[in-house]
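What follows is one structure encoded as structure tokens, with my remarks underneath.
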Amino acid sequence: MLTRLFTHRLLGPEDLEPSDPRMKVVGVFNPGVAAVGQEVVILVRVVEQPVETRQGFEPSPRYDPQEGLVFDWLDERELDFYDPRVFHIRGTGLERLRFVSYLKVFRSRDGKTFDPRDSGPVIMPEGVNEEYGIEDPRITRIGQTYYITYVAVSRHGVSTCLMSSTDLQHFRRHGIIFCPENKDVLLFPEKIAGDYVAIHRPVTSIRFRPPQMWLARSPDLIHWGGHEHLLGAQKAFENSRLGGGTPPIKTPHGWLTLYHGSQRREGDPGPGVYSAGALLLDLHHPKRILAQTPEPVMTPQMEFEQKGFVRDVVFPTGVVEQGEELHVYYGAADESVGVVGFAREELLSAMLKRV
Ligand code: MAN
């Protein structure tokens, strides 16, 4: 495990008013991050749940493209409750979310304190492919434009969409770039051998393989092909899930990216323990993994990482380079936003020993 130079809890559900009087805010987490001049801008995922309760029924909220926010009341007798994020519908084997998510901008002068009043625009779900919410944005600056990948959840599954912005105040949607089931898509900040490159995570219910991350290439950020396998889960801390975390940053030694792994709890079908690992990829051939940390670089250890909407989660989603330090922004316990500081040299030398 790496030395944490500092850890701060930056924002939590108590900092926001709900978007609708029928809702309460239960989480503010998994932030996309960008250094903009002297400021740090984060685009957080806000999670809300209905306030109303009804005997024998559970509400699953969604944004109907015509009617706006509506609740589907599900009969409790048909549901399993072992995951705080979803209702499992026994009859169909399908799932519905217990919440709905949207995105919101916050700005900070020092990147370590965020005043909840200093917030920017809200991005709400739009259209049928986003009806169950939009989640987990990642920001990559390419040239003068910020590109944001985010997860769109709907009755058609979990897909990844693209948005762009030149100021992180106004956003343009470009639609789905990876069809269901695919999430945790990270864009590299520059073209490699003439193509844009992304890390992505196809998810399938057919279990021939452990969880894994893939690479893809594109001429225009919209059309993706040239798919290649990058990394499959091997370590105990990633035996249940594995997916991209922070958009890669360039170092003299290679592309540095953090990923998340989840370890299942024996005999418990609910969410596992989420930790973070690190990868160093070849600058010219990113499919070549130069180094991987043998153990997680961070695991849930602070109280706000261990207790929350989903216990025991650290989920890194962005890195800002500050001199010799790397400031890693992450979701904690699916409830709040944290930032942790690492010494770049300590991380790189821990990894390079293994090349
Ligand atoms: C999944 C996603 C994330 C979430 C983690 C931990 O990977 O739903 O948004 O943070 O699980 O619950």
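Atoms within each ligand, like the ligands themselves, are counted from 1 in listed order.
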- Task: Go through ligand 1 atom by atom and flag the ones less than 4.0 Å from a non-hydrogen atom of R241.
- Result: 1 (C), 7 (O)
- Message: Tell me whether E135 has any N or O atom under 3.5 angstrom from an N or O of ligand 1.
- Response: no
- Query: When you measure from the side chain of Q49 to the backbone N and O of R98, does any donor-acceptor pair fall under 3.5 Å?
  - Reply: yes
- Flag R201 as yes when one of its N or O atoms lies below 3.5 Å from any N or O atom of ligand 1, and as no otherwise. no
- Per side-chain hydrogen bond (donor to acceptor under 3.5 Å, both in side chains), R138 is matched among T246, T149, D184 by D184
- Query: With no hydrogens and no angle check, is any side-chain donor or acceptor of H260 less than 3.5 Å from a backbone partner on G243?
  - Reply: yes
- Item | Six-ring centre of Y102, K104 cation under 6.0 angstrom, axis tolerance 45° | no
- Message: Quick check on contacts: which atoms of ligand 1 are under 4.0 angstrom from a heavy atom of D334?
- Response: 4 (C), 6 (C), 10 (O), 12 (O)
- Part of D184 with heavy atoms under 4.0 Å of ligand 1, whether side chain, backbone, both or neither: neither
- Query: Should we say atom NZ of K307 is surrounded by more than 12 heavy atoms from elsewhere, each under 6.0 Å from it?
  - Reply: no
- Query: Please state which protein non-hydrogen atom is closest to atom 3 (C) of ligand 1 and give its distance, to 0.1 Å?
  - Reply: D136 OD2, 3.3 Å
- Task: Could you list the atoms of ligand 1 found under 4.0 angstrom from a heavy atom of Y274?
- Result: 1 (C), 5 (C), 6 (C), 7 (O), 11 (O)
- Item | Donor-acceptor pair, side chain of Q306 and main chain of P300, under 3.5 angstrom | yes
- Task: Name the option, out of H260, R311, R85, K183, that contains the heavy atom nearest to atom 5 (C) of ligand 1.
- Result: R85
